[in-house]
Amino acid sequence: QVHLVESGGGLVQPGGSLRLSCAASGTRVSIYNKGWYRQAPGKQRELVASITVGSIRNYADDVKGRFTISRDSAKNTVYLQMNNLKPEDTAVYYCNRATVTNLASWGQGTQVTVSA
């Protein structure tokens, strides 16, 4: 069983920054193959960033250069540093495995709102 809790969202102005956290708990839970996803109302959930074994990082084209995914094994936490936020980044952000199926379980996520 994997338990992931997202936090760190909030309301920011365009150009602002936020750091999201994904805290993992449970025996054998892995932070080495994780992704950040986001979903706006009425839109499909999309993969924003992922980090896999070997510290391989991948980003969606629209967040490259602005978002950074990282992990802290001591804290069993995956982070998403988001800089230069844009209104189109507004969504609920979730963490999960870097690859998921339609049977994946999702937490409550954390709301990110970018607005002037």
Side-chain angles (χ1 to χ4, degrees):
Q1 185 73 265
V2 177
H3 302 279
L4 302 171
V5 179
E6 303 94 340
S7 63
L11 173 64
V12 297
Q13 293 186 328
S17 298
L18 285 172
R19 188 181 72 164
L20 308 183
S21 298
C22 175
S25 63
T27 303
R28 300 182 183 180
V29 63
S30 174
I31 62 168
Y32 299 104
N33 188 31
K34 289 290 178 288
W36 281 98
Y37 301 77
R38 67 185 180 189
Q39 185 173 30
K43 297 184 178 180
Q44 296 292 319
R45 197 192 319 268
E46 63 174 335
L47 179 65
V48 174
S50 65
I51 184 166
T52 55
V53 176
S55 297
I56 299 173
R57 296 169 171 84
N58 288 286
Y59 301 94
D61 287 342
D62 57 332
V63 307
K64 286 182 178 178
R66 300 189 298 118
F67 290 10
T68 303
I69 188 170
S70 62
R71 59 187 169 215
D72 185 335
S73 60
K75 297 182 178 180
N76 216 26
T77 300
V78 179
Y79 302 97
L80 184 68
Q81 178 68 46
M82 305 185 295
N83 298 325
N84 192 25
L85 284 161
K86 304 176 180 180
E88 51 263 43
D89 295 319
T90 296
V92 178
Y93 284 71
Y94 305 86
C95 62
N96 212 316
R97 295 174 61 88
T99 58
V100 298
T101 71
N102 60 355
L103 298 180
S105 297
W106 299 90
Q108 296 201 324
T110 185
Q111 177 72 50
V112 172
T113 302
V114 185
S115 176

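Counting from 1, the numbers follow the sequence of the chain as shown.
Across all non-hydrogen atoms, the minimal contact from T77 to S21 is CG2-CB, 4.1 Å. Scanning all heavy atoms of the two residues, the minimum distance from Q81 to S17 falls at NE2-CB, 4.0 Å. The two residues A104 and V100 make their nearest non-hydrogen contact at CB-CB, 3.9 Å. Across all their heavy atoms, L47 and W36 have their closest contact at CD1-O, 3.5 Å. The two residues L80 and A49 make their nearest non-hydrogen contact at CD1-CB, 4.0 Å. The nearest pair of heavy atoms linking V92 to G109 is CG1-CA, 3.9 Å.
With no hydrogens or angles considered, no side-chain donor-acceptor pair links R57 and S70 at under 3.5 Å.
If you take CZ on R38 and OG1 on T90, they are separated by 9.0 Å, rounding to the nearest 0.5 Å. The CG atom of N96 sits 12.0 Å away from the OG atom of S50 when rounded to the nearest 0.5 Å. The distance from the CD atom of E46 to the CD atom of Q39 is 9.5 Å, given to the nearest 0.5 Å.
Taking 4.0 Å as the cut-off between side-chain N and carboxylate O, R66 and D89 count as a salt-bridged pair.
Using a 4.5 Å cut-off on side-chain heavy atoms (C-beta onward), K34 and C95 make no contact. The shortest distance between side-chain heavy atoms of T68 and Y59 falls below 4.5 Å. You'll find the side chain of L20 stays beyond 4.5 Å of the side chain of Y94, heavy atoms only. A heavy-atom distance below 4.5 Å is not found between the side chains of C22 and R71.
Aromatic rings of Y37 and W106 (six-membered ring for Trp) have centroids within the 6.0 Å cut-off, being under it.
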**OP:** Would you please test R97 and N33 for side-chain contact (heavy atoms from CB on, under 4.5 Å) and show each step?
**Re:** CA-CA 6 Å; R97 295 174 61 88; N33 188 31; 4.0 Å; yes

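Hydrophobic clustering of Ile, Leu, Val, Met, Phe, Trp and Tyr side chains at less than 4.5 Å, counting indirect connections, keeps V5 apart from Y79. Taking hydrophobic clusters as Ile, Leu, Val, Met, Phe, Trp and Tyr residues chained together by side-chain heavy-atom distances below 4.5 Å, V78 does not share a cluster with I56.
Atom CD of Q108 has 12 or fewer heavy atoms from other residues, nucleotides or ligands within 6.0 Å.
Remark: the backbone N or O of A23 is not paired with any side-chain donor or acceptor of N76 at under 3.5 angstrom.
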